[in-house]
Amino acid sequence: MNKTILFAFFFIQNIFFGQFSERNLSSEKWQFKNSKDKNWLIATVPGTVHLDLMKNNIIPDPFKDENEKKVHWIENEDWEYQTSFTVSPKELENQNIELVFNGLDTFSEIYLNGKLIQTTDNMFRKWTIPVKQNVKIGENILQIKFKSAINIGKELAKKVPFTIPESPRSFVRKAQYQFGWD
């Protein structure tokens, strides 16, 4: 079962005065959708796309009975998450402003106010992104577009002239248990 995990911290720091503040963006109102859809649904961050789909009554509990077979399609889809947050004039005066992500799963594009600020390819690392030049006073829109790790793994496997065992998961820096039951 493929899972999408999100977690974002918003760090504001002024090195000169030694000030440091931290804002956890998971308390903001998050939304998600299948990239093929137009309608946004309510999301919980940190969390998983499966839990968000369950909370929105789109899928049954994948751990109950044989429901895993009914939700197998989810890992082949691309998913988008977004939220908005405000930045005050005083916050924008700080020397450093960073977004920090712990546990982005796996291939994603991160946009701030419509501008691509980072691509990711590894769920095992923390991503710290300086965003002082990208934030503005007032409302800011943060969007994360997750690409299917299964589909990207298949594309990467096609690029080598030989077959690797456990392909396509061998090409993906993602928790291996997320590729199905043992």
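Source: prediction; values computed, not measured.
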Taking the side chain as every heavy atom from C-beta outward, state whether Asp52 and Thr44 have any pair of such atoms under 4.5 Å apart.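 Contact flag for Asp52/Thr44 side chains = yes.
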
Below 4.5 Å, heavy atoms only, C-beta onward: do Ile129 and Ile110 meet side chain to side chain?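 Counting from C-beta outward, Ile129 and Ile110 do come under 4.5 Å.
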
Show the nearest heavy-atom pair for residues [X] and [Y], with the distance to one decimal.
X      : Y      : answer
Lys132 : Asn94  : NZ-O, 2.7 Å
Asn134 : Asn140 : O-OD1, 4.2 Å
Asn39  : Lys33  : O-CB, 3.3 Å
Glu139 : Ile141 : CD-CD1, 3.9 Å
Phe146 : Ser108 : CD2-CB, 3.9 Å
Met54  : Pro62  : SD-CD, 3.3 Å

Taking the inter-plane angle between the rings of Trp73 and Trp79 on a 0 to 90° scale, is it parallel (under 30°), tilted (30 to 60°) or perpendicular (over 60°)?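 Aromatic pair Trp73/Trp79 classed tilted.
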
Evaluation steps, side chain to side chain contact (heavy atoms under 4.5 Å, CB included), between Leu25 and Leu99: CA-CA 9 Å; Leu25 293 184; Leu99 280 170; 3.7 Å; yes

Under 3.5 Å, is there a donor-acceptor pair between the side chain of Asn67 and the main chain of Asp61?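 Checking the backbone N and O of Asp61 against the side chain of Asn67, a donor-acceptor pair under 3.5 Å is found.
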
For Tyr111, is the NZ or CZ atom of Lys145 found under 6.0 angstrom from the centre of its six-membered ring and inside 45 degrees of the ring axis?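 Verdict for Tyr111: a cation-pi partner in Lys145.
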
According to a 4.5 Å side-chain heavy-atom criterion applied to Ile, Leu, Val, Met, Phe, Trp and Tyr, with indirect links allowed, do Trp30 and Ile42 form part of one hydrophobic cluster?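 The answer is no; the residues belong to distinct hydrophobic clusters.
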
What do the steps show when you test Glu91 against Arg23 for salt bridge (charged side-chain N to carboxylate O under 4.0 Å, His left out), and what is the final call? CA-CA 11 Å; Glu91 289 173 317; Arg23 188 184 324 167; 2.5 Å; yes

Checking Lys69 against Glu66 for the salt bridge (charged side-chain N to carboxylate O under 4.0 Å, His left out) test, could you report, in this order, the C-alpha distance in whole Å, the side-chain angles of both residues, the deciding distance, and whether it holds? CA-CA 6 Å; Lys69 296 174 185 173; Glu66 293 188 9; 3.1 Å; yes

Return yes if a side-chain donor-acceptor contact under 3.5 Å exists between Thr83 and Lys29, otherwise no.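 There is no such pair between these side chains.
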
Quick check on ring pair (Phe, Tyr, Trp, His ring centres under 6.0 Å): which of Phe101, Trp40, Phe32 does Tyr81 satisfy it with?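 For Tyr81, the ring pair (Phe, Tyr, Trp, His ring centres under 6.0 Å) test succeeds with only one of Phe101, Trp40, Phe32, which is Phe32.
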
